[in-house]
Every structure is written in C-alpha cells, then in structure tokens.
Amino acid sequence: MDLMVWIVTTPFLAAALAGVMRRTLGTRVGWPRTLAVAVIALSVGVPLSGYVATLAGIASQDDQLLVSVGTALIFFGVVALWVFAACLAALVFLEVVIPTGSLPGPSEALRRSRKSWRRTKRYVQIMSIFMRAGGGSALRAGPSAPQFGDALVDIVSRCGVTFVKLGQILGTRDDLIPPELARALSSLQSSARPADPDRIAELLASELGDTPEAVFAWFDMEPFAAASVAQVHSARSTEGTEVVVKVQRPEAGTQVSVDCDIFLRVSSLAETRFPWAHDIGVHRLAGGLVTSLLEELDYRTEAANTGAIASTMSNRPDIVVPHIYPSLSSGRVLVMERLRGAPLSDGEAALTDVDVDARSSIATELLASLLDGIFVHGVFHADLHPGNILILDDGRIGLLDFGAVGVLDGETRILFAVLLNAALAGDPVATVDAMLMAFDVPSEVDRGALRHQVGREITLLSVQPNVSMASFARMFTVLREHRIGVPGDVAAAFRSLASLERTLRLLDPQIDLVAAVRAEVPRLLTQVASPAAAAQAILSTTAVTTAVVRRLPGQLDQIATSIASGNFTLRTRSVAHPDDRRWLRRSANNALGMAAGVTALIVAAILLFVPGGPQLTPQLSGYALVSAVLGFVGVVLCMRTVFRLFTLDNR
C-alpha cells in the first residue's frame, strides 16, 4: 500500500519540486532535466533523511522519535532544504556542462545522426581518394610545388559533383590563388550520365505542382545535356513557345550539403596545419566558394540575374537574353526561352555562315556590352566563356547561364575605371591610389614598396608587344604578396574581360583587347562620372548638409540655455540605452546576491563552531540547526548567482 501511494504521489511532488527549483534559479531550465533531478531527489532524499535523523539523535533505528514533534519537524524541514540545495547544485552543474537547448530532441537527434552517418561515410570515401592520389605529399609541398596542381585536379575529379563545381569556381579566382593552380583547376570538366527519368518526373511534379505532361504541351524526358548538378530538357509551353527546362538532379542538394560541410571542416583543419594554407586564408576562401556554389544551386537567383542582365541589354537589339518563365520556375527548376544557335565553343563550325565584317561587329558588340555592364550599369555576366555565347540562326548574339553575375556599386565603378585607366596609361601613382581606395588594404601595408612593384609591372606591360588581359594576373600576384583583398565582384570583372578576350579571338584573331579597352575607358569614365551624375551627387550632399546646418542654431541654443540654468548634463550611451541599463541592473543584483550568500555562509560557519547554545539532542545543538539554515540560504544565493552568470539570458 505504501508503495502504491509513493508511485501515485511522486509525479505530483516531482512536478511541484521542479517548479520551485526553476523559480528559485530565476531563469530558464529545461523541464526534462529538472523533473529527472526532482524524481531522483525524492527517491534518495526520503531514506537519506531517516539516516541523518538517526545520526543526529532525532529518531531511533526503528524509526521512533526521540524528541518532540515540533523539534522533529524543524529538523526534517532543514534536511529537506539541504536536499533541495543538492538538487539546485545538480541543475547548476548540468547547465554549466550541458546548457539547456544544447542537446537535440529525439527527432532532431535522429536527423543529426543520419547526417553524421552520411558525413562519416563521405569522409572515408574522400580520404581513400585523397590517399590513393598522393594528396598528403602534395599538401605538405604546397601550391608552389609542380605536382600540387595535378594532384589537386585528380582528387577533385574523383570526389564528384560538389568538389568539381568548387574547383571550377576556384579555377576562375586567379586573384586569390597562383595562376598555375588556377589554370590546372580550370581544366575540370563537369559531366554525367542522365538521372533516372522517374526521379526527374517526381522532382518536376513536386516543384511545379503537377506532372510535366500536364504543365507543358510537350516535354522530352530525354535530356539533351547532362552535367553533374543539373540536366537540360527540351519542352514546349502551353502557349506553343519552345523552352528549355533546367532541372537540378534529385540527389544534388543532399550531396552538396554534406560535401560543403566537409569542405569547410577540412579547410579549417588545413589552415591550422599547413603554413601555406594559413597564408592564403584557405578557410575564408572556402567559405566564399561554398556561398557561391549554394547561390548557383538556387535557380531563383539565376532567374533574377537573368532579368537583371536583360534590363541592361534593352538598348542592344543584337544581343538576346532568354526570357524566364517565373510561374514555371522554382529553386530547383528553371524554365526559359530556347535560343536556336551554335555556341562559340564549337569554333569555326559556329561561324561558318558569318562573314569577316559580321564577326568584327559581333566582337565589338560583345565588348561594348560587357564594358557598359561593368562600368555603366554595374551588373555584368561574370562567366562569359565561349560555351555561354551563341551565334543565333538569325545572326544575333545569344547569352546563356547567368548563375554567376557581378554587381558593382557606383563608387567602386568609378574607382575601378580610374584604376584601369591609370594602369593602361602607365601611371603607377594613380593606380596605387585607386587600389588603396577600392580594395581591402591592411593598415600595415608598405605603400612605397607596393607603388614600386605596381610601377614595375605597369612598365613591363607597356613594353610587351602582345599584351592581353591575362597579363594583368601578375598584378594580382603583387596584391596577394601584400595581403590586399580584391573585392569578389572586381575580380569577377577582370575575369570576365580575360574570358571574353578568348572569345573575341575566335571572332577576330587580330583583335587587341587591351587597345580596345584603352580606347573605351575615357568614354566610360565620362559616363560614370558625367557632369549630370556629379551634379546630382553634389546636390544630394548639399541637401543633407543644409538640413544638418539648419538644426545647429537650435541645438546650440538648447545647450547654452542648459549651461546657463545649471541643468546641463552629459548622458553616455552605456547608461542611456535600455540594454545597458538592464545589464547594470542584473550585474548589481548578481553582486548583491553573491555578497548576501557569502555573508550567510560566513555566519553559518561561525555558528557551527560556537560552543554552548540549547541542545536539541546529545548530538545536535540549536546553533548547529540555525547554522544549517543559514548555510542553505548562502549556498542557494551563491548558486543562483553562478547560474545566472553562466546563462545566455544574462548577456
């Protein structure tokens, strides 16, 4: 019968005790752990109280009281307080070691375990590939070693979709890595067998809300192009327009998520173990690459980029940007107008029916559109390789693949134009001054040495017979040596110009891109920093300054009046802001709580050793009982303060 009563009453007593403990600590504590501590306290506290009562002479070993009922109640009350204090100590310890919320719930734990298992399997696979390809010796040697580039390309190719895409992106960043390594990574090819048609149909149905046959008038389940991340299908809209449907592979999202996590972890480890990785800033670089890859995997971003580029080409009828169908597109499906033509990557086969004058006109139009995008509009195609440029059947130019788009703000465009003009004009002083304003320059950079090295490179460029945009890669080497960070979009603009140069040489082998850019820069500077734009900027600045100046007399009069009347006060931010006042109040409460707790403990220790006083039993004095109560108060106050200091609520 006693056991049944205990089973029935324990949950209610535990819940009440848990509520009191949470209230005493004064901040959030997880209910599961609090209830667990309460149940353990009730299970252990009752027999422990009987044992302590026997030692103190309150009760006999056969549970008979040896003192009055009042004295026994006071004693057992004090024992209960100390059991309560032990519960609080257990909670404080758990919160300090394993804070509430740091452990996942059952469903979250299952999800994390699955993710951890996938990551572990992938780790084993990557490490196996790494060791077979001789990655250890290559990493120790660093990027400057001849075998590093080949080993890295081999490892990346074997590791699959994510690493190939990351390698391709990194291969375009010769502003961050040595040119030899960038060239090696640029050779990576991303291709794959078509995905299972049934899985593609399921993905399309989930993304579009219905089967492909219901959404389109006609849909070809056999893709005409397949890469490691996506594949492209032919289709016809219900209005009768020919479209292409870019579909992300069903497994790509999961694979990329796992691989990006591994990539970031490995880059962080490499930065701590290899000096060259620390010098390059591998982990920061990896973070940027992962961000770029995830943006490319979200086709809504590509759709927005396509619309932005189309708006910059509105005054160029000879350049066509495919129309996007937003109602048929999603994060993993992109539907766009189909452009009929041949990519310039086909070489002469794409230019069979194009005469010499038309080729020159196409080259001029492409260059002008890119320069206007960089310097005038501030939005440009950041991946203009020959495979993304079509010669359409009607002789116009078609642009494809807007996953990577560069964006430059107005001030950066002006500085970039000044920098490029100064470099092409052979003026190292103006070039370095523009760099210092446009780039992320460390405070400790040696500007004299930088100006000298940049001047040397500009001089070498001026005497070379065949200067190309790729020749500017040496400038990036100088910047890396001085730890100067080039903004990603500025680097993308240089890459686009260098990539376009290869395209233009297919159209006109005799073209001199540097000379063409040099001829265009004055016009671009005039447009970017036109008198109308300068007047508008001056007008805006003047209007803001005027508004500030108009307020000054009233503010000065207020200050003078306050000083004259003796009411002038200076309020600092640390006291005026509500968060700061809250922090001061909590700090004061914590200090007072700790002081009171320590005082109670000192008084309790003194009373414990004071002789005399009323003897409740031969083993227990009244002073000892009062000392136990004060000790409980001191311990609780100190633990409460410590607990509040270790919780996020107090920050």
Can you check whether His323's main-chain N or O pairs, donor with acceptor, with Glu337's side chain at less than 3.5 Å?
-> yes

Roughly how far, to the nearest 0.5 Å, is CG of Leu504 from CZ of Arg359?
-> 13.0 Å

Where is the tightest heavy-atom contact between Gly398 and Leu339, given as atom of each residue plus distance?
-> CA-CD1, 4.0 Å

For Asp409, side chain to side chain donor-acceptor pair (under 3.5 Å) partners two or more places apart | Thr412

Got a sec, which residues hit side chain to side chain contact (heavy atoms under 4.5 Å, CB included) with Thr306, two or more places apart in sequence or on another chain?
-> Glu302, Val321, Ile324, Phe402

Min side-chain heavy-atom separation Val320-Ile397 under 4.5 Å | no

With His381, which of Leu370, Asn388, Val405, Ile374 fulfils side chain to side chain contact (heavy atoms under 4.5 Å, CB included)?
-> Asn388

Expected output: side-chain Arg413 to main-chain Phe375 donor-acceptor under 3.5 Å | yes

Sole candidate of Val244, Val243, Val232 that passes side chain to side chain contact (heavy atoms under 4.5 Å, CB included) when paired with Arg338 | Val244

Just do the side chain to side chain contact (heavy atoms under 4.5 Å, CB included) check on Phe380 and Ser496 with the steps written out, would you?
-> CA-CA 9 Å; Phe380 59 93; Ser496 293; 3.9 Å; yes

Candidate pair Leu408 and Phe416, rule side chain to side chain contact (heavy atoms under 4.5 Å, CB included), full reasoning = CA-CA 9 Å; Leu408 296 172; Phe416 185 27; 4.2 Å; yes

Closest contact, heavy atoms only, Gly341 versus Asp393 = CA-OD1, 3.7 Å

Sorted by chain and number, sequence neighbours left out, salt bridge (charged side-chain N to carboxylate O under 4.0 Å, His left out) with Asp394 holds for Arg396

For Gln248 and Leu297, which heavy atoms make the closest approach, and how far apart are they?
-> NE2-O, 2.7 Å

Under the side chain to side chain contact (heavy atoms under 4.5 Å, CB included) rule, what do Leu366 and Ile362 come out as? Steps first, then yes or no, please.
-> CA-CA 6 Å; Leu366 280 172; Ile362 291 173; 4.1 Å; yes

Partners passing salt bridge (charged side-chain N to carboxylate O under 4.0 Å, His left out) against Asp261 (at least two apart in sequence or in another chain) = Arg119, Arg265

For Asn421, which residues count as a side chain to side chain contact (heavy atoms under 4.5 Å, CB included) partner, sequence neighbours excluded?
-> Val521, Leu525

Ser330 side chain to Glu207 main-chain N or O, any donor-acceptor pair under 3.5 Å?
-> no

Heavy-atom pair of closest approach, residues Leu328 and Val335 | O-CG2, 3.4 Å

Evaluate the criterion salt bridge (charged side-chain N to carboxylate O under 4.0 Å, His left out) for residue pair Asp298 and Arg332; output intermediate values, then yes/no.
-> CA-CA 6 Å; Asp298 187 348; Arg332 296 196 291 172; over 6 Å; no

Expected output: side-chain Ser360 to main-chain Asp357 donor-acceptor under 3.5 Å = no

If we only count heavy atoms from C-beta on, is the Leu390 to Leu400 side-chain gap below 4.5 Å?
-> yes

How long is the span from the OG atom in Ser369 to the CG atom in Asp318, to the nearest 0.5 Å?
-> 10.5 Å

Once you round to the nearest 0.5 Å, how far does OG of Ser329 lie from CG of Leu208?
-> 8.0 Å

Do any N or O atoms from the side chain of Ser268 and from the backbone of Leu264 form a donor-acceptor pair under 3.5 angstrom?
-> no

Name all residues meeting the salt bridge (charged side-chain N to carboxylate O under 4.0 Å, His left out) criterion together with Arg316; count only those two or more places apart in sequence or in a different chain, and write none if there are none.
-> Glu365, Asp372

